[in-house]
**Student:** 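The following block contains the structure, expressed as structure tokens.
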Amino acid sequence: MLIIQSLVSGLLTGGVYALAGIGMSLVFGVMNVSNFAHGDLMMLGMYLAYFAFTLLHIDPYLSLVLILPVSFLFGFLLEKLFVSRVIHHPHQNQILLTVGLGLIMSNSALLAFTSDPRILTTTYSSSSVMIFSDVSVSVPLLLSFLVTCAITALLYLFLARTRTGMALRATSQNREAAQLMGIDVSKMSAITFGIGTGLAAAAGALIAPVYYIHPMAGHNFLLKAFTVCVLGGLGSVPGATLGGLIIGVVEAFSATWISTDWKDVVVFMLFLAVLLFRPQGLFGKRGGE
Amino acid sequence: MLKVDHLNASYGEMQVLKSISITVEQGSIVSVVGSNGVGKTTLLKAISGIIPSKGIISFDGEVLNGLPPHRIVGRGIIHVPEGRKIFPDMSVIENLMMGAFLHRNTCKQNLDRVFELFPRLAERRKQSGGTLSGGEQQMLAIGRGLMANPRLLLLDEPSLGLSPIFTDTVFRTIEQIRKSGVTVLLVEQNVFRSLSISDQAYVITNGSVVLNGSGRELLENPEVKRAFLGR
Ligand SMILES: Nc1ncnc2c1ncn2[C@@H]1O[C@H](COP(=O)(O)OP(=O)(O)O)[C@@H](O)[C@H]1O
Ligand SMILES: [Mg+2]
């Protein structure tokens, strides 16, 4: 039963990774920008959930109702003020900018919140439920997975059905043709960066109850989100969804059968293996950029 | 209707359009012909605002320079780009809906019109754009342009790489489009056929106009015959 236990907890954690990866992939697809501040945006989401809980006494999963719009707006402004200036620049300039933005965020967090890790403890933090009679699932992990599913489903609906969602997909598939359709692609970029930031912050908030909240937490998340994107194919939303679940399961399996200390190493090796053998990712068509 | 006056455009250091001037009368078909790399595509991109340019582009007396592409589309100038540039992961019908992005209220009636013009697209409405043949993609690209209620349609090499049958369809369609009241600015490597349907035509080399006249005049012109018609 150990295998099912690992599989279930891997999938549940993977859901959050998927959410983080989808945000990054969407930004890459529409804007052709690799957002190296993505992990730090997740870290900000963790703190938002933490302070919403400790100061306003809002449950971390409910606080998403606030965190999503606030972080969307923050991302929208970041794009308008900074990222839009490098969108037609070479990749190295974009990397410098987004790495710089990330450093400003993590160091500001360090100044404001100190380097002491914080823990968000809810009444149900350590409770678990049994499924299939002998597989136990932690309640916060299960809740975060359900919320992740809801957010992902809404995002898919938005992309498939709404006028703006379709315009985002068109921009991602061919930016120049999108312009010729009358789509304001610079507005689409700002909306996309807002959504990417919203998803990053949401992913951060969702794992806040099961993780140490720390100003430097973003580094590890960035690597994970990036691996998810590369595995799924940069720019592919379904790819990132599947990629996140795979990473979650690989992590859980290596924690069970190798060692918890090694799980990040295994994920990183998977990342390198994908780059070597399938640089376009599972769903990607764009080629290894 | 459209007046391009002493227009210059560059990619970095390389100047491609050199003081080029053309005029397009309402209701006409105007062709621009010239060898590869002389700047035909660049001219269309400058008109639709995808690349910046210096000089004057005026449409119905209003200057377009500096407007972003989506505003120019809003004025009724619709550019069907070289290489089709359809959205590969969207279905035929979604591609057409994107064409109607600024014209949702006429989407339904335009869809019927496009499917009537290209029955093949109606058969493949659910198929994704990337899986269509070259000829079908070209029909989709033109159809997508028509969804935007064009007043002036810019067509860049619509018959490039197509079989003779599809080429016939494309040229027949261009004449039908004009009959429906849409003005057409056509860039083509099939010089004989494009001059044959054009009211007015411009020959450009090296970023400037070297010859212009009615389509028939240019077909008879010895230089045109030698350079483009192999006679
Ligand atoms: N994006 C670009 N960057 C740099 N040079 C370009 C670009 N697009 C076209 N060119 C150059 O500009 C010149 C004109 O190109 P183009 O307008 O596409 O010619 P045509 O459509 O007449 O074949 C060519 O020499 C081409 O190499
Ligand atoms: Mg060309």
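Residue numbers start from 1 in every chain, and the chains themselves are labelled A, B, ... in the order their sequence lines are given, proteins ahead of strands. Atoms considered below: every heavy atom in the structure, side chains included; atoms not considered: hydrogens, waters and symmetry mates.
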**Student:** Counting only heavy atoms closer than 4.5 Å, note whether B:Pro88 contacts chain A via side chain, backbone, both or neither.
**Tutor:** both

**Student:** What part of B:Arg84 lies closer than 4.5 angstrom to a heavy atom of chain A: side chain, backbone, both or neither?
**Tutor:** neither

**Student:** Any side-chain heavy-atom pair from B:Pro81 and A:Leu180 closer than 4.5 angstrom?
**Tutor:**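 Heavy-atom side-chain distance check passes, below 4.5 Å.
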
**Student:** Is the number of heavy atoms from other residues, nucleotides or ligands under 6.0 Å of B:Met97 CE greater than 12?
**Tutor:** no

**Student:** Is there a side-chain contact (heavy atoms from CB on, under 4.5 Å) between B:Met98 and A:Ile183 once you walk through the steps?
**Tutor:** CA-CA 9 Å; B:Met98 292 323 295; A:Ile183 295 169; 3.5 Å; yes

**Student:** Kindly state each residue pair satisfying salt bridge (charged side-chain N to carboxylate O under 4.0 Å, His left out) with at least one member in residues 175-188 of chain B, sequence neighbours excluded.
**Tutor:** B:Arg178-B:Asp199

**Student:** Checking B:Arg71 against chain A: side chain, backbone, both or neither under 4.5 Å from a heavy atom?
**Tutor:**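 Looking at B:Arg71, nothing touches chain A.
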
**Student:** With side chains defined as the heavy atoms from C-beta onward, is the minimum distance between B:His70 and A:Lys187 less than 4.5 Å?
**Tutor:** no

**Student:** Taking the six-membered ring of B:Phe101, is the NZ or CZ of A:Arg163 close enough (under 6.0 Å from the centre) and on axis enough (within 45°)?
**Tutor:**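 The answer is yes; both the distance and angle limits are met.
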
**Student:** If you count heavy atoms of other groups shown closer than 6.0 angstrom to CD of B:Glu25, is the number above 12?
**Tutor:** no

**Student:** Heavy-atom distances under 4.5 Å only: say whether B:Met147 touches chain A with side chain, backbone, both or neither.
**Tutor:** neither

**Student:** Strictly less than 4.5 Å between heavy atoms, which residues of residues 28-65 of chain B line up against chain A? Please order them by number.
**Tutor:**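 B:Lys45, B:Ser48, B:Ile50 fall under the 4.5 Å cut-off.
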
**Student:** Can you establish whether the number of heavy atoms outside B:Glu116 located under 6.0 Å from its atom CD is more than 12?
**Tutor:** no

**Student:** If you measure from CD on A:Gln179 to NZ on B:Lys85, what distance do you get to the nearest 0.5 Å?
**Tutor:** 10.5 Å

